[in-house]
Amino acid sequence: MKKIIVLHGPNLNLLGKREPEVYGSFSLEEINKRLMSLAKSLGVSVDFFQSNKEGELIEKIHETSDRYDAIIINPAAYTHTSIALRDAIISVKIPTFEVHISNIYRREDFRHKSYIADIAIGQISGFGANSYLLGLRAAVDYLKEL
């Protein structure tokens, strides 16, 4: 069975409370439950990790190389600032899919730059919680092609 890890970056633990007009009213727990249900129907295993600390996300990425077949990551604010996350993803050589709840290209100019996009298999943004579900479907389809 293929194993996929979903990494949630900073402040995503506040979903449902934080700027619902931008991020919706669903919680991170609700997103994870929906992902778990979809993963089951797609015949894959999924694990989750959220951190507000860049170093913890990097450590988790380092741990993926022998344990997971793909990474789905919402780097949140680190999307636009973290070369270290980018380097960690490059180092593990695991197919990575970038997701965002909001459309980062319709927001402030500083959010238009992603340090992850050009090393990811693809990027999905702007579909709310469904961005994660689309990311999981994309990862599973990609893994089938390998």
Side-chain angles (χ1 to χ4, degrees), residues 1-15 18-19 22-24 26 28-146:
M1 177 180 287
K2 298 291 184 185
K3 291 183 72 176
I4 298 170
I5 187 161
V6 180
L7 302 176
H8 304 287
N11 300 310
L12 293 172
N13 57 306
L14 297 177
L15 287 176
R18 175 185 177 218
E19 299 177 85
V22 174
Y23 300 106
F26 44 83
L28 188 60
E29 183 179 328
E30 290 169 320
I31 290 173
N32 288 345
K33 284 180 183 176
R34 290 177 67 188
L35 283 165
M36 188 69 76
S37 177
L38 179 59
K40 185 176 180 182
S41 73
L42 295 173
V44 298
S45 165
V46 66
D47 291 329
F48 307 100
F49 180 77
Q50 188 279 326
S51 181
N52 296 315
K53 298 176 183 170
E54 183 180 32
E56 289 180 357
L57 289 164
I58 291 166
E59 289 295 328
K60 188 56 77 171
I61 291 167
H62 289 173
E63 294 171 10
T64 64
S65 60
D66 296 328
R67 298 174 57 194
Y68 295 97
D69 300 293
I71 298 169
I72 297 170
I73 186 169
N74 182 344
Y78 292 138
T79 302
H80 325 290
T81 63
S82 182
I83 295 169
L85 275 180
R86 173 191 174 85
D87 288 349
I89 292 168
I90 290 170
S91 297
V92 297
K93 298 180 175 123
I94 294 175
T96 300
F97 301 80
E98 180 183 355
V99 299
H100 296 282
I101 294 167
S102 68
N103 182 345
I104 61 175
Y105 302 102
R106 293 184 68 188
R107 298 187 62 196
E108 303 93 338
D109 286 345
F110 70 87
R111 294 187 195 275
H112 298 183
K113 170 65 178 165
S114 168
Y115 283 104
I116 308 300
D118 68 320
I119 61 165
I121 301 301
Q123 181 193 74
I124 299 168
S125 69
F127 295 99
N130 287 327
S131 292
Y132 281 97
L133 301 175
L134 292 166
L136 179 58
R137 288 183 184 281
V140 170
D141 286 348
Y142 179 86
L143 293 171
K144 286 180 183 175
E145 298 294 321
L146 293 182

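Along the sequence shown, residues are numbered consecutively beginning with 1. In this text the structure is predicted, and so the values were computed from the model without any measurement.
More than 12 heavy atoms of other residues, nucleotides or ligands lie within 6.0 Å of NZ in K113, so this atom counts as buried by the packing criterion. Within a 6.0 Å radius of CZ in F48, other residues, nucleotides and ligands contribute more than 12 heavy atoms. No more than 12 heavy atoms of other residues, nucleotides or ligands sit less than 6.0 Å from atom CG of D66.
A cation-pi contact, defined as under 6.0 Å to the ring centre and within 45° of the axis, is absent between K144 and Y142.
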Practice item. Kindly indicate, with the supporting measurements, whether the criterion side chain to side chain contact (heavy atoms under 4.5 Å, CB included) is fulfilled by Q123 and I104. Key: CA-CA 11 Å; Q123 181 193 74; I104 61 175; 3.9 Å; yes
Exercise for review: Just do the salt bridge (charged side-chain N to carboxylate O under 4.0 Å, His left out) check on E29 and K33 with the steps written out, would you?
Suggested key: CA-CA 6 Å; E29 183 179 328; K33 284 180 183 176; 3.1 Å; yes
Practice item. Go through the steps to decide whether H8 and N13 satisfy the test side chain to side chain contact (heavy atoms under 4.5 Å, CB included), and finish with yes or no. Key: CA-CA 8 Å; H8 304 287; N13 57 306; over 6 Å; no
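The residues R67 and E63 are annotated as salt-bridged, a charged nitrogen and a carboxylate oxygen being separated by less than 4.0 angstrom.
Shown here for F49 and E56, the closest heavy-atom pair between the two residues is CE2-O, 3.8 Å. When all heavy atoms are compared, the tightest approach of A129 to F26 is N-CZ, 3.4 Å. The minimum heavy-atom distance linking A76 with T79 is given by the pair O-OG1, 2.6 Å. Shown here for D69 and L143, the closest heavy-atom pair between the two residues is O-CD2, 3.5 Å. Residue L42 comes nearest to V140 through the heavy atom pair CD1-CG2, 4.0 Å, listed as atom of the first residue, atom of the second, then distance. For the pair A77 and P10, the tightest heavy-atom approach, listed with the atom from each and the gap, is N-CG, 4.2 Å.
Once rounded to the nearest 0.5 Å, the distance linking CG of L136 with CG of N130 reads 12.0 Å. Atoms OG and CG, from S82 and D87 in turn, are 8.0 Å apart once rounded to the nearest 0.5 Å. Atom OG of residue S37 and atom CG of residue N32 lie 12.5 Å apart, to the nearest 0.5 angstrom. Here the straight-line distance linking atom CD of E59 with atom OG of S51 works out to 11.0 Å at 0.5 Å rounding.
For the pair K2/Y68, no side-chain contact is recorded, criterion being any heavy-atom separation below 4.5 Å from C-beta on. A 4.5 Å side-chain heavy-atom check between T96 and I121 finds every atom pair outside the cut-off. The shortest distance between side-chain heavy atoms of R86 and I119 falls below 4.5 Å. Counting heavy atoms from C-beta on, the side chains of V46 and I5 never come closer than 4.5 Å. No side-chain heavy atom of I101 sits under 4.5 Å from any side-chain heavy atom of S131. In this structure, Y132 and V6 have side chains that are in contact, with non-hydrogen atoms separated by less than 4.5 Å. Taking 4.5 Å as the limit, some side-chain heavy atom of L38 sits within range of a side-chain heavy atom of R137. Counting heavy atoms from C-beta on, the side chains of L57 and Y78 come closer than 4.5 Å.
Of the N and O atoms on the side chains of E54 and N52, not one donor lies less than 3.5 Å from an acceptor on the other residue.
In this structure, H100 has its ring center at least 6.0 angstrom away from the ring center of Y105.
With hydrogens and angles disregarded, a donor-acceptor distance shorter than 3.5 Å links the side chain of E98 to the backbone of A117.
Under the side-chain contact (heavy atoms from CB on, under 4.5 Å) rule, I4 has a single partner from I94, L35, V44, I71, which is V44.
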